[in-house]
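Okay, structure first, notes after.
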Number of protein chains: 2
Amino acid sequence: MSRSPTPRRRATLASLAAELKVSRTTVSNAYNRPDQLSAELRERVLSTAKQLGYPGPDPVARSLRTRKAGAVGLMITEPLNYSFSDPAALDFVAGLAESCEAAGQGLLLVAVGPNRSVSEGSAAVLAAGVDGFVVYSASDDDPYLPLVLQRHLPVVVVDQPRDVPGASIVCIDDRAAMRRLTEYVLELGHREIGLLTMRLGRDWPHSGRGPALADPDRVRNPQFHVQSERIRGVSDALAEAGLNPDALTVVESYEHLPTSGGVGADVALEANPRITALMCTADVLALSAMDRLRARGVYVPGQMTVTGFDGVPEALSRGLTTVRQPSVEKGRRAGQLLHNPPRSGLSVVEVLDTELVRGRTSGPPA
Amino acid sequence: MSRSPTPRRRATLASLAAELKVSRTTVSNAYNRPDQLSAELRERVLSTAKQLGYPGPDPVARSLRTRKAGAVGLMITEPLNYSFSDPAALDFVAGLAESCEAAGQGLLLVAVGPNRSVSEGSAAVLAAGVDGFVVYSASDDDPYLPLVLQRHLPVVVVDQPRDVPGASIVCIDDRAAMRRLTEYVLELGHREIGLLTMRLGRDWPHSGRGPALADPDRVRNPQFHVQSERIRGVSDALAEAGLNPDALTVVESYEHLPTSGGVGADVALEANPRITALMCTADVLALSAMDRLRARGVYVPGQMTVTGFDGVPEALSRGLTTVRQPSVEKGRRAGQLLHNPPRSGLSVVEVLDTELVRGRTSGPPA
DNA sequence: ATGAAAGCGCTAACAG
DNA sequence: CTGTTAGCGCTTTCAT
């Protein structure tokens with residue numbers, strides 16, 4: 001069970017120095033500044049280190065001393081199973097991970113989803129040994145955000161919330177994108193539109209967890225900036241076309257389960273059977289809705305127009321009419337903002353471009 | 001730009017104690033052991049902390065003192081874009097993240113893919129402030145593994161390599177699973193089989209990065225235990241049926257790109273046009289192969305049987321004949337092994353169950 | 001090129 | 001309940 005020279009006590013830089021009868025500085029230099037000592041001495045240090053089973057300078061102690069953790073934290077407020085099943089969220093994480101890899105930084109996932117109590121989540125945020133935080137799509141009143149800010153570390157917010165003091169933000173123009181998409185739908189001739197969206201607030205005033213008709217008050221004051229802007233974008237287009245924005249049928253879904261879109265579609269159509277276009281604020285919702293419509297014998301786009309948002313691969317391959325947003329790039333930019341902060345030291349707002357994708361799921365109303 | 005009482009220097013536990021004229025212990029207790037001081041004193045501590053902008057005990061300093069980092073490291077040796085596009089790998093990460101969340105631990109992604117030099121990757125491994133490592137499916141001669149081991153931290157290996165001294169392992173019986181699948185294919189009557197697999201070694205002796213015919217030497221000595229076992233499983237079944245295992249046409253693919261399976265199928269069929277069954281060691285390969293075959297006008301399963309491995313959702317929904325493995329559970333178990341190490345202190349081997357899924361992509365040869 | 005001294009910010013005994 | 005004493009393991013001036 002014990003290798004040759006495994007000492008009872010873990011070897012440290014100091015013990016190694018003692019063993020070698022050199023100063024700790026020298027050992028430290030052997031690892032961190034090879035040019036500060038002779039090559040042979042360095043070799044001697046490294047070889048006895050190996051012999052003693054010294055793993056090299058302890059990362060935590062080094063972090064304490066240098067005040068650098070070598071990692072950025074990603075605060076994930078959604079339930080993990082959601083984050084890991086939504087392609088757009090994953091693309092974001094992939095982009096962030098990529099930029100961290102390039103910068104030689106670690107990426108620490110800090111999950112503070114609803115599965116944990118707020119105090120447990122708080123502990124996780126406070127315990128994260130990181131040099132900065134990325135906050136991904138949190139609600140305006142997220143309870144963990146103040147804790148993140150309290151740590152006085154650089155923070156980059158992605159998508160939402162806006163107006164976090166001191167934080168840079170990477171986002172898209174949700175309102176304009178959704179307005180443009182809606183204009184397209186209206187041009188096709190649709191007048192009765194259903195909107196399927198993620199939950200409008202952290203709370204959930206409906207019974208059960210399934211998609212439910214959102215009441216107008218909630219629609220007017222969503223706690224998520226993104227939802228708010230997207231709804232506003234739809235309203236803009238409706239108003240512009242001389243339609244009443246309040247006539248929009250809005251169904252909110254607590255989470256994006258594989259079936260959420262389908263159930264949401266049912267709810268919307270039951271609430272307003274005259275709907276001819278179903279606009280979804282996420283591709284996963286739209287795809288699920290399409291599946292459900294097909295099962296009900298409703299043809300898309302013949303009898304129902306369906307649109308999504310995100311531009312995930314499956315959506316594009318299935319010809320969904322949607323808005324493509326650069327999810328990977330969001331992650332990359334967020335990381336870069338942390339790794340190479342803007343010279344000014346001021347916070348930055350980066351608005352990334354989106355693109356309207358006219359697919360095969362939209363057409364004139366029946 | 002400056003809040004009311006923002007001191008030039010970051011507040012620390014000591015400065016807070018001085019301000020309050022109490023000992024550092026008391027302040028520490030206010031955060032870590034609320035029962036060790038009066039509620040009112042604690043309140044006073046916390047409130048002046050807020051006033052001073054003290055974010056609470058520094059996680060790094062605490063880690064140094066307590067010798068606990070509060071996070072586990074996940075060493076990812078594949079290119080990130082692969083890890084984040086393979087559903088099976090993602091399920092694994094999701095399971096691991098879930099168990100970390102439940103244990104109140106962070107999850108530090110340490111990417112040491114081929115995009116970075118070995119020395120950069122080494123630095124990342126050595127710099128990770130973690131209490132243990134999960135190594136996900138590394139090659140037998142992975143250059144970073146020794147570094148991980150060198151840190152004398154608990155290690156859990158997933159899938160491969162085997163026989164890492166001191167490390168626990170979570171895996172499946174790849175050989176038995178693949179044997180069973182092959183037996184099924186043979187029962188259907190197939191005799192000429194093509195095998196599409198991930199690259200057989202860290203090196204890549206072929207020109208270009210696309211799928212290529214693997215030479216027999218390489219097939220006999222893969223550097224990845226999993227590939228090795230799966231090929232062996234196929235051989236077992238072939239030998240059992242009185243066929244020559246060396247007659248197997250093996251095509252290896254450097255990475256799992258969306259098109260890898262399709263190109264691999266082309267390569268295999270060109271090398272041996274008599275092939276009637278294409279067995280793939282990953283669903284993503286099989287799905288891509290199916291797409292390609294359809295494009296070529298080859299009917300599945302009428303003219304070609306195709307099988308996969310993993311049991312990812314898309315494969316199951318498309319009726320792929322495959323082996324389902326519990327990827328999420330792998331991640332969960334790996335995490336648990338780290339968070340609640342077996343009482344014995346000895347390393348453990350956990351072999352999780354797999355299930356043969358007879359789908360609609362397999363049938364008798366034409 | 002090498003060493004001595006001085007902490008980084010915190011917690012864990014152990015006394016009082 | 002509160003304070004004193006000792007470091008955790010390392011890097012970094014500043015001398016030599």
Side-chain angles (χ1 to χ4, degrees), chain A residues 7 9-46 49 52-70 123 126-131 150-153, chain B residues 7 9-46 49 52-70 123 126-131 150-153:
Chain A
R9 207 158 188 301
R10 270 182 61 129
T12 70
L13 184 146
S15 70
L16 181 54
E19 178 77 23
L20 284 161
K21 301 198 195 308
V22 300
S23 78
R24 300 198 294 274
T25 309
T26 301
V27 178
S28 177
N29 283 338
Y31 285 97
N32 304 316
R33 307 179 173 183
D35 53 314
Q36 294 296 294
L37 36 55
S38 65
E40 50 188 330
L41 177 51
R42 181 174 133 92
E43 210 35 66
R44 200 156 67 86
V45 172
L46 263 33
L52 252 59
Y54 175 63
D58 180 298
V60 174
R62 168 186 275 160
S63 288
L64 176 58
R65 185 60 237 240
T66 61
R67 310 268 61 203
K68 297 215 164 313
L126 260 16
V130 297
D131 299 320
Q150 176 180 321
R151 291 202 47 191
H152 300 305
L153 295 173
Chain B
R9 208 159 187 301
R10 270 182 60 129
T12 70
L13 185 145
S15 71
L16 181 54
E19 178 79 23
L20 285 160
K21 301 198 193 309
V22 300
S23 79
R24 299 198 296 271
T25 308
T26 300
V27 178
S28 177
N29 283 339
Y31 285 97
N32 304 317
R33 306 178 175 185
D35 53 314
Q36 294 296 294
L37 37 56
S38 65
E40 49 188 332
L41 177 52
R42 181 173 134 92
E43 209 35 65
R44 199 156 67 88
V45 172
L46 264 33
L52 252 58
Y54 175 63
D58 181 298
V60 174
R62 170 187 276 160
S63 288
L64 176 58
R65 185 59 240 239
T66 60
R67 310 268 61 203
K68 296 215 162 315
L126 260 16
V130 297
D131 299 319
Q150 176 182 321
R151 291 202 47 190
H152 300 305
L153 294 173

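Numbered from 1 within each chain, the chains take letters A, B, ... in sequence-line order. The structure displayed is predicted, hence computed values, not measured ones.
Here the CD atom belonging to B/E43 is positioned 10.0 Å from the OG atom belonging to B/S38, to the nearest 0.5 angstrom. Here the CZ-CZ distance, from B/R151 to A/R10, works out to 8.0 Å after rounding to the nearest 0.5 Å.
Here C/dG16 presents its C1' atom at 15 Å from CD of B/Q36, a figure rounded to the nearest Å. Whole-Å rounding puts the A/D35 CG to C/dA1 P distance at 8 Å. For the pair A/Y54 OH and D/dG9 P, the computed distance is 10 Å after rounding to whole Å. Following rounding to the nearest Å, B/L20 (CG) and D/dT2 (C1') show an atom-to-atom distance of 13 Å. Distance CZ (A/R65) to C1' (D/dG7): 16 Å, rounded to an integer number of Å. For the pair A/N32 CG and C/dA1 P, the computed distance is 17 Å after rounding to whole Å. Separating the CG atom of A/D58 from the C1' atom of D/dG9 is a distance of 6 Å, rounded to the nearest angstrom. Nucleotide D/dT11 holds its P atom 14 Å from the CZ atom of A/R67, rounded to whole Å.
Mapping A/G56 and B/A39 onto DNA chain D by nearest heavy atom places B/A39 at the nucleotide closer to the 5' end.
No side-chain heavy atom of B/D58 sits under 4.5 Å from any side-chain heavy atom of B/T12. Counting heavy atoms from C-beta on, the side chains of B/V60 and A/V60 come closer than 4.5 Å.
Within the nucleic acid shown, A/R42 has no heavy atom closer than 4.0 Å to any nucleic acid atom. Contact annotation for B/L37: backbone-only contact, meaning every heavy-atom pair under 4.0 Å involves sugar-phosphate atoms and none involves a base.
Side-chain proximity of A/R62 to D/dC10, D/dT2, C/dG9: nearest is D/dC10. Nearest to the side chain of A/S23, among C/dT2, D/dT2, C/dG9, sits C/dT2. For B/N29, whose side chain is taken as the heavy atoms from C-beta onward, the closest listed nucleotide among C/dA12, D/dT2, C/dT2 is D/dT2. For A/S38, the side-chain atoms get nearest to C/dT2 when compared with the rest of D/dT11, D/dC1, C/dT2. Side-chain atoms of B/R24 lie closest to D/dA6 of the nucleotides D/dT12, D/dT2, D/dA6. Checked against D/dC1, C/dG3, C/dT11, the side chain of A/V22 finds its nearest nucleotide in C/dG3.
Under 4.0 angstrom from either OP1 or OP2 of D/dT2 there lies no side-chain N or O belonging to B/T26. Dashed line: the shortest gap from a side-chain N or O of B/Y31 to OP1 or OP2 of C/dG9 is not under 4.0 Å.
For D/dT12, its base sits under 3.5 Å from the side chain of A/T25 at one donor and acceptor pair at least.
Annotation: side chain to side chain contact (heavy atoms under 4.5 Å, CB included) contacts of B/T26 (sequence neighbours excluded): B/V22, B/S23, B/L37, B/L41.
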